[in-house]
Amino acid sequence: MSRIDHLLEAMTLPEKLGQLTMTACGSTVTGPTIAGDSTEAIKSGEIGNLLNLVGVENVRSMQRLAVEESRLRIPLLIGLDVVHGHRTLFPIPLGESSLFDPETWSKTAREAATEAASDGLAMTFAPMLDVSRDARWGRSAEGPGEDPYVAARLASAKVRGFQAADLSKADTIAAVAKHYCAYGAVTAGREYASVDVSERTVLEVHLPAFAAAVREGVAAVMPAFHDLAGVPMTANRAMLRGWLRDRLGFNGVIVSDYNAIAELMHHGIAADLAEAGALALKAGVDIDMMANAYRHGLPIALERGWVERADIDAAVRRVLALKERLGLFEDPYRRGAHAEPPAARQARRRLSRDVGARSLVLAKNGAVLPYAKGLRRIALIGPLGHSSADMRGPWWGAGDPVGNITVLDGLRARWPDADVRQVSGVAIESAETEGIAAALESCADADAIVLAVGEAAVMSGEAASRACLDLPGKQRQLAEAVFERAIALQKKVTVVLFCGRPLVIPWLLERADALLIAWFPGTEAGNAVADVLCGEVSPSGRTPVSWPRAVGQIPIFFSQRPSGRPAAAEDHYTSKYLDIPNEPLLPFGFGLGYGEFEIVDFSVTPDRVVESGAIEVKVEIRNVGMRSAEETVFVFTHDKIASVARPVLELRGFGKVNLAPKAHGTVSISVPARDLKFLGLELQSVWEPGELEVLVGPNADFKSLKRKTIRQI
């Protein structure tokens, strides 16, 4: 008899339900309920999993209750949101997505896992894989951006990094792919709201990343808070059992989001906790996080005949199997058994700095950057110039609010002999403007003016939807005053924009002489910014989301389907706005560098591709600029004639090349023909012969792409 069989035979009903219960215990709170003292419930086996506990000694003390004082000595599964780092923070996921570099995505997850495991943790509620095309939604900051192909590549990389090859090793943690499914499409970008999109959109846009995570062996999946076409995901049997388990073959643990099972009552599909628990269990949810619906509701549901003991046993078996896979039964204390050496922590910070610098997106450069090494006076203006806590971003795990490198810190370290004067001018969430005068005064004798503005970190992330996406507070007034003063002084202004989503800032892009989208770069934020400003690093970030000109364009994304009346300037009755262009302010994939690139030529072979084959795209690039830099090349396709109208552009691959001035290089990208299949009229994957347009370029600006046509046969 296996260990799991033996335990199932020995367990009482309360002990089984304990294995299906996860309770918050300690340092952070991620929802509306705070757990009380769980000590006795752990000893009695009525709580088998914890979240939000930080620090190896804290973790060990709770683990001892389970493995040394409970009847069956089943170890606890303890997790935390390690979204973009644990104590050492990397750029927020949206910022890190701008790297378009799966190897680095995996590397940062590996480092985050190592650090979290050294703190005793065994699970992270990440990666967040929700495709989002609505910048109003604050959780855009946690995700991969607007494209399902990018989301799928990131899903594989992150799961691989968190879990490595052997999940039982002491430096691994179980990944939880979230939030299944289509959470990024909430109505009006409003957190926790309903989602009502077509089944085709769910399958083509929102499901691929989760399918990729399952293929990579992800340990767990978390359903989202929202309802999908009226059926809350926490009770969505068709999506959880039907798609996730049966169609995708997922056999791991499904863990609810925070209090989500109890919230089925608010959704209006459950009358009480017993009914909510029964619905979630029958749908396939194994672990109840913070609702106590399984502990207190399932015994009643059993009496009413809504669930069977076999349903409970199946869920318990999956939870115990994960604990076995993590090696918790063999050694529940292996994670955190040995303190990390200082060299490991130092190397992790160096990686944070490198990734932070590479994630920055240069949106404009009017011959301003990089700055000269001999700057004597720098005016650093704006509320985000010296704000350590904001550099972390909105989901900082165990990251400390102090000690993060600010822009001021970075500038002073990079230009140690310069007089760097920092003046906030205004506070982000204040109507006071008295500080603007001092900010303008600091410009007078400055060799460089850096304007650090944007969102506060807490303005992005969970429960941080925004209807107005301009600079919050009085920052616009500050910025416009600085621009006016700079013009009078014949000086140029570089804007460093911090944000967890695209902001609506056409005026800022127009007025700035240079604009650097910094996202929230993490622990080494200020050094990363300074490395780019001084030219030590050529900016290579490319925005993974389209930036709108106005909120009225949202949702906006590059892979829209063609209209029967495509926009035409000379024809009034076409698909366009009266007041602004259709095109985004910044297209998907946009970003400048300190080099200047041109596509010399590209080839696509073969010119006739079969379903079992692949197409090979080779793009010849030349750096015609004066500095070494990295260029990103995207490969798109467009199926001209199909049984279902296909998007005008579908991303099929991307690649990078780093070139010295005047040098040539080739980016080679292979696209398996199976990726060219699509969901036909019956929502089944089909291969249709016909012409296929292959397009390449540095971003998704349709008019600037180079194209060739091949045939699918």
Side-chain angles (χ1 to χ4, degrees), residues 4 7-80 120-123 125 174 220 234 253-263 272-274 276-278 280-281 285-303 307 309 311-313 315-320 322-323 326 328-329 332-333 335:
I4 292 176
L7 287 172
L8 278 169
E9 189 175 272
M11 294 167 82
T12 64
L13 178 62
E15 287 170 330
K16 289 178 179 180
L17 298 180
Q19 290 304 305
L20 307 186
T21 298
M22 178 173 276
T23 300
C25 179
S27 303
T28 60
V29 177
T30 55
T33 309
I34 302 174
D37 183 4
S38 302
T39 300
E40 293 306 315
I42 293 172
K43 289 180 181 179
S44 67
E46 295 178 52
I47 290 178
N49 313 282
L50 298 176
L51 75 154
N52 292 350
L53 194 61
V54 177
V56 67
E57 289 306 317
N58 294 330
V59 168
R60 282 170 171 263
S61 67
M62 300 304 289
Q63 191 68 271
R64 287 190 192 99
L65 296 176
V67 300
E68 298 177 20
E69 299 190 43
S70 71
R71 185 176 74 90
L72 295 177
R73 303 182 183 276
I74 300 173
L76 297 168
L77 174 62
I78 302 176
L80 182 74
L121 297 170
M123 173 180 274
F125 306 109
T234 307
V253 168
I254 297 178
V255 54
S256 83
D257 210 333
Y258 201 105
N259 200 46
I261 296 179
E263 290 168 14
D272 57 21
L273 206 58
L281 185 69
V285 176
D286 300 312
I287 294 180
D288 167 15
M289 181 191 290
M290 283 305 296
N292 279 321
Y294 284 2
R295 287 177 70 194
H296 302 316
L298 287 186
I300 300 170
L302 273 169
E303 291 177 2
V307 298
R309 286 184 178 268
D311 300 320
I312 294 171
D313 287 354
V316 174
R317 184 177 294 276
R318 284 188 288 267
V319 174
L320 295 177
L322 176 55
K323 292 183 177 184
L326 285 161
L328 291 173
F329 285 103
Y333 306 117
R335 290 171 178 82

Which pair of heavy atoms, one from [X] and one from [Y], lies closest together, and at what distance?
{"X": "M22", "Y": "F125", "answer": "SD-CZ, 3.7 Å"}
{"X": "L326", "Y": "A122", "answer": "CD2-O, 3.6 Å"}
{"X": "A41", "Y": "R295", "answer": "CB-NH2, 4.0 Å"}
{"X": "T234", "Y": "A260", "answer": "OG1-CB, 3.5 Å"}
{"X": "A220", "Y": "M123", "answer": "CB-CE, 4.3 Å"}
{"X": "R60", "Y": "Y333", "answer": "NH2-O, 3.0 Å"}

Check whether any side-chain N or O of [X] sits under 3.5 Å from a backbone N or O of [Y] as a donor-acceptor pair, and report yes or no.
{"X": "Y294", "Y": "L281", "value": "yes"}
{"X": "S70", "Y": "V67", "value": "no"}
{"X": "N49", "Y": "Q19", "value": "yes"}
{"X": "D288", "Y": "T21", "value": "no"}
{"X": "Q63", "Y": "P75", "value": "no"}
{"X": "R335", "Y": "G120", "value": "no"}

Rounded to the nearest 0.5 Å, how far does [atom2] of [Y] lie from [atom1] of [X]?
{"X": "L298", "Y": "R309", "atom1": "CG", "atom2": "CZ", "answer": "11.0 Å"}
{"X": "I47", "Y": "T23", "atom1": "CD1", "atom2": "OG1", "answer": "3.5 Å"}
{"X": "L65", "Y": "L76", "atom1": "CG", "atom2": "CG", "answer": "7.5 Å"}
{"X": "L77", "Y": "L320", "atom1": "CG", "atom2": "CG", "answer": "10.5 Å"}
{"X": "E46", "Y": "L17", "atom1": "CD", "atom2": "CG", "answer": "9.0 Å"}
{"X": "L51", "Y": "I287", "atom1": "CG", "atom2": "CD1", "answer": "10.5 Å"}

Any side-chain heavy-atom pair of L13 and L302 under 4.5 Å: yes
Within a strict 4.5 Å, meaning less than it, do heavy atoms of the L80 and L53 side chains meet?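 When only atoms from C-beta onward are counted, L53 and L80 do not touch, as no gap falls below 4.5 Å.
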side-chain contact (heavy atoms from CB on, under 4.5 Å) filter on E9, not counting sequence neighbours, yields M1
Counterpart residues, side-chain hydrogen bond (donor to acceptor under 3.5 Å, both in side chains), relative to R71 (two or more places apart): E15
Test salt bridge (Lys or Arg N to Asp or Glu O under 4.0 Å) applied to R318 and D313, D311, D286, the passing residue: D286
Evaluate the side-chain contact (heavy atoms from CB on, under 4.5 Å) criterion for residues I42 and L50: first the C-alpha distance (whole Å), next the side-chain angles of each, then the deciding distance (0.1 Å), finally the verdict. CA-CA 10 Å; I42 293 172; L50 298 176; 4.1 Å; yes
